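Below is one structure; the comments refer to it alone.
Just so we're clear, the structure is a prediction, and the values are computed from it rather than from any experiment.
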Amino acid sequence: MTTFNIYMTGVGGQGIGLLSEVLLRAADHAGLMVKSVDTHGLAQRGGIVVSQLRIGPQAHSPLIPAHAADLVVALERHEALRAAHAALKAGGVLIYYDALWQPLAVRLGQAPAVSAEAVAEKCGALGARLIRVHRPNLTDARMQNIVVLAHIQRLGLIAHLEAAHYEHAMEDLLRGSTLEENLALFDAERQPAS
Amino acid sequence: MKSMGEMLLRREAFAEIVMGNTALVRAMVVAGTQVVTAYPGSPTPEIATAILSIPADRRPFYFEFSTNEKVATEVAYGASVNGHLATVFFKSVGLNVAADTFVQLSLMNLMGGLVVVLGDDPGANSSQNEQDNRHYAQLAYTPVIEPADPAEVYSFYIEAARLSRQLRMPVILRLTTHVCHAKQKVRFPAWQPPAQVDRTPRFDVGNGPYIPLPFSVPELKQRALGRLEAVRGQAVACGLHRFVDHGNRQRGVIAWGLPFLSLLDALGDVQPKPDILKLGIVYPLDHGQIAAFLDEHQEVLVLEELDDLLEKEIKAKAYDLGLRTKIVGKLDAGDWIGEYTADKVKGILHKLWPDLVPAPPEIALNVAVPDRPPQMCPGCGHRSAFHAIKQALAADDITVADIGCHTLGYLPPYELGQLLMCMGASPGIGAGMSLFNTNRRVLVFMGDSTFYHAGLPGTINALHNRHNLTMIVMENGTTAMTGHQDHAGSGRNINGPAPKLPIRKILEGLGVEAIFETDTYQQRQLTDLVRKAMAVEGFSVVIARHPCMLKFTREARRKPGFEPRRVDIDQETCERIHACVAVFGCPTFTRLPDGQIEINPDLCIGDGSCIQTCPTQAITKPAKTGA
Ligand SMILES: Cc1ncc(C[n+]2csc(CCOP(=O)(O)OP(=O)(O)O)c2C)c(N)n1
């Protein structure tokens with residue numbers, strides 16, 4: 001089995017940690033060899049959070065080499081483009097939640113914000129598949145990660161991972177009403193668009 | 001996974017996905033560790049998280065966050081000479097603070113054993129340098145054991161504890177950032193808690209001398225060196241080393257820690273692969289084992305992250321033994337810098353063996369996306385403080401930062417805190433900058449945890465030597481940047497209620513006469529107080545207080561009936577002056593291409609500290625977000 005690399009990124013506070021932990025445990029429940037690492041030096045201070053996950057017996061270090069991610073998962077548009085440049089492999093898949101948390105230079109008026117077109121253009125140049133997710137009516141921004149997880153599952157972006165593996169992983173990690181809300185959202189979002 | 005605490009105490013064997021930092025705590029439990037001390041710092045805080053997941057009444061050992069790393073080391077030492085197996089952990093630069101005590105440990109008979117767990121940070125992911133703490137180990141005749149992944153963190157700690165107890169000497173378990181934070185499934189053996197633990201204080205001067213003075217130092221040093229040789233003698237038998245035999249008698253690599261895993265990734269399926277000698281104990285080296293490996297290969301690469309300690313030692317030994325093997329270590333300055341990731345290792349292998357490994361991909365500078373430096377959180381009291389303090393300063397006044405969340409004030413739009421060194425350094429640096437200086441006023445910042453940690457000596461010095469400077473104590477009631485650990489001013493320690501040591505009272509007790517104090521959200525008042533303080537001749541202090549809003553908001557969200565609030569922009573009133581987004585700079589404010597300002601509903605916590613910063617009062621009072 002060849003190694004499958006998943007590079008997850010977002011801004012501190014967006015819930016990359018949970019997303020990554022669910023994928024890690026889901027992969028384990030699916031019986032896959034898996035390693036991961038979070039790089040969260042100043043995670044909660046509005047900086048970039050990256051989590052890396054590697055599936056397969058040939059993955060030794062938990063860190064993914066440059067331009068070697070089969071799947072990039074981003075929770076924010078600027079970080080989607082940044083990861084497409086740094087991590088995404090040609091012909092890979094980029095899925096991102098189109099939240100916009102402006103970086104400093106944009107807020108100071110010194111740089112333009114990244115557009116959705118710029119992300120699409122980069123993916124086009126890489127021959128990568130692009131999936132944009134956005135739910136303007138989502139009540140709790142901290143559940144954007146679950147929406148993305150549901151799409152990863154529905155589109156089968158990670159081989160061998162069934163819905164039950166994701167759900168099992170969420171049950172490992174969450175409790176009470178939080179668990180119920182997240183499971184319900186996961187389930188609803190997995191239904192094909194009517 | 002049920003609860004982490006339950007897992008860490010499980011009696012039967014089990015396999016679970018854990019972080020390196022969590023595996024370490026299971027090892028502490030199984031090894032029978034009795035006393036654990038620490039001061040928070042990345043990459044180690046999750047060790048404490050795992051410890052605290054075990055309910056206090058079931059925790060098989062005592063744990064504390066000490067005031068700083070030096071004190072933590074002293075507490076662990078005291079416990080060890082009483083016969084208890086002890087462990088102290090902290091981040092890389094913590095060893096600088098602990099050094100005065102640490103360097104003495106190997107001279108003593110540590111009856112219970114003492115493992116020093118270091119969280120080194122190659123690549124300076126979250127530290128002010130990437131210092132290689134193996135230098136300290138050599139300075140202090142202390143063995144170093146280095147695991148590569150969470151499974152090894154577990155087994156190597158057990159071995160470190162065994163060696164330490166057996167030889168009554170300190171042993172370093174050196175972790176690096178991505179070993180601490182790596183997660184994988186680890187198989188843990190069963191554990192039978194001891195029927196009874198002997199906690200008798202067995203300190204006995206007969207085990208000494210414990211007084212290192214001219215009469216005793218030669219003898220103590222002799223014993224330390226002897227113990228180092230004893231470890232060298234056991235190094236191979238410990239079973240921590242591994243020979244990865246690819247049948248290559250031409251080329252070999254000596255590697256250990258995370259770089260060993262990077263090496264395997266970097267080699268991928270190239271053929272023929274070099275043989276690999278993977279080390280566990282990296283100081284002292286077993287020379288026989290190294291010599292045999294050298295002897296079997298014509299060319300050996302010492303793959304050594306950061307500095308070149310092993311390379312030098314191995315070359316020297318080969319010279320003594322008359323070995324003809326070509327030994328290669330660092331080829332240029334780049335090899336000394338940064339973490340040895342697979343890409344980095346590919347580059348190193350390519351320089352040496354271009355026929356074997358192709359050049360790694362060029363990492364293009366990413367110009368397409370603006371940088372995202374870490375920011376103070378929405379509602380952070382430090383932001384209000386910087387916004388207010390800036391108004392009180394002249395253009396050429398000097399501001400000195402210290403370590404903590406408020407370090408981020410150096411970034412635009414505030415640009416306050418123009419120099420940074422290490423914890424507690426600001427009053428000392430500020431004092432030096434105030435000498436011969438009659439026209440540029442000096443203002444220094446200090447976090448509250450840092451004040452207790454290492455800020456007191458500089459503060460006392462400023463008083464004692466009558467320096468002319470103003471110190472702003474950025475008091476948020478917690479050690480925020482490393483994950484909200486309590487400190488001496490919190491009124492609580494990790495184990496329960498504790499006396500509160502208010503900074504104001506300490507300063508008064510020291511004799512500081514000019515002390516001003518306000519909540520940082522009172523921005524106008526703070527500006528005023530800073531002006532007053534800076535007009536004082538001599539040492540003055542402003543306590544700029546506001547609770548950490550990240551901590552506050554998290555706690556509030558957990559309470560029943562919590563209703564999120566946020567401010568809004570009245571677009572009719574807004575004149576697009578942009579003070580909110582570009583001068584106050586809360587990340588909540590979003591700038592649309594046409595210059596209109598919006599609130600990011602995912603970020604705003606409805607603290608309202610921004611309202612006073614709008615010259616046209618276009619920011620509305622925080623209101624419930626009618627979801
Ligand atoms: C010697 C040393 N120990 C630990 C750290 C890790 N560290 C970085 S920031 C920080 C917190 C400082 O807390 P405080 O002074 O209260 O400031 P805050 O982050 O709360 O604003 C610590 C402990 C360090 N950099 N140096």
Query raised in the report: Side chain, backbone, both or neither: which part of A:P65 has a non-hydrogen atom closer than 4.5 Å to chain B?
Result: both
Query raised in the report: What part of A:L100 lies closer than 4.5 angstrom to a heavy atom of chain B: side chain, backbone, both or neither?
Result: backbone
Query raised in the report: So, do B:R557 and A:R142 sit near enough that their side-chain heavy atoms are less than 4.5 Å apart?
Result: yes
Report task. Would you check if the side chain of A:Q102 reaches a backbone N or O of B:R591 as a donor-acceptor pair within less than 3.5 Å? Result -> yes
Query raised in the report: Closest approach of B:E339 and A:L63, non-hydrogen atoms and distance?
Result: OE2-CD1, 3.9 Å
**Report entry** Closest heavy-atom pair and its distance - B:P370, A:H78
**Finding:** CD-CD2, 4.2 Å
Query raised in the report: Is there a side-chain contact between B:Q375 and A:R107 (heavy atoms, below 4.5 Å)?
Result: yes
Query - Smallest separation among heavy atoms of A:L108 and B:V581, with atom names - result: CD2-O, 4.2 Å
Query - Which portion of B:C380 sits near chain A, non-hydrogen atoms under 4.5 angstrom - result: neither
Query raised in the report: What residue, out of A:A169, A:P103, A:A118, A:A113, has the most heavy-atom pairs lying under 4.5 Å from chain B?
Result: A:P103
Query raised in the report: Checking heavy atoms, do the side chain of B:P373, its backbone, both or neither come under 4.5 Å from chain A?
Result: both
Requested in this report: Could I get the full list of side chain to side chain donor-acceptor pair (under 3.5 Å) partners for B:Y414, not counting sequence neighbours?
Outcome: B:R383
Report task. Starting at NZ of B:K183, measure out to CG of A:L24 and round the result to the nearest 0.5 Å. Result -> 6.0 Å
Requested in this report: Taking atom types as modelled, find out whether B:Q184 and A:R54 have a side-chain donor-acceptor pair closer than 3.5 angstrom.
Outcome: no
Query raised in the report: Non-hydrogen atoms of chain A under 4.5 Å away: do they reach the side chain of B:D343, the backbone, both or neither?
Result: side chain
Query raised in the report: Within a reach of under 6.0 Å around CG of B:D269, are more than 12 heavy atoms found that belong to other residues, nucleotides or ligands?
Result: no
Requested in this report: Kindly indicate, with the supporting measurements, whether the criterion side chain to side chain contact (heavy atoms under 4.5 Å, CB included) is fulfilled by A:V34 and B:K185.
Outcome: CA-CA 8 Å; A:V34 58; B:K185 194 163 217 170; over 6 Å; no
Query - Heavy-atom contact with chain B under 4.5 Å, split by part of A:Q110 - result: neither
Query raised in the report: Is B:Q128 atom CD crowded by more than 12 heavy atoms from other residues, nucleotides or ligands, each under 6.0 Å away?
Result: yes
Query raised in the report: What residues, two or more places apart in sequence or in another chain, satisfy ring-ring contact (aromatic ring centres under 6.0 Å, His included) together with A:H60?
Result: none
Query raised in the report: For the candidates B:D265, B:L603, B:V583, B:T177, which exhibits the highest count of non-hydrogen atom pairs separated by less than 4.5 Å from chain A?
Result: B:D265
Requested in this report: Side chain from CB out, backbone as N, CA, C, O: work out which of these in A:V106 comes under 4.5 Å of a heavy atom of chain B, or both, or neither.
Outcome: both
Query - Per-residue contact mode, B:D602 against chain A (heavy atom under 4.5 angstrom) - result: both
Query raised in the report: Pick from B:P593, B:G595, B:A342, B:P412: which one has the most heavy-atom pairs with chain A under 4.5 Å?
Result: B:P412
Query - Under 4.5 Å from a heavy atom of chain A, the part of B:T341 involved - result: side chain
Report summary line: One should read off an interatomic distance between A:I48 CD1 and B:R372 CZ, to the nearest 0.5 angstrom, of 6.5 Å
Query raised in the report: Side chain, backbone, both or neither: which part of B:C586 has a non-hydrogen atom closer than 4.5 Å to chain A?
Result: backbone
Requested in this report: With side chain to side chain contact (heavy atoms under 4.5 Å, CB included) as the test, would you mind laying out the steps for B:H181 and A:V37 before giving the verdict?
Outcome: CA-CA 6 Å; B:H181 292 160; A:V37 68; 3.9 Å; yes
Query - Heavy-atom pair count under 4.5 Å with chain B, highest-scoring of A:A59, A:A141, A:S61 - result: A:S61
Query raised in the report: At a heavy-atom separation under 4.5 Å, does A:E121 approach chain B through its side chain, its backbone, both, or neither?
Result: neither
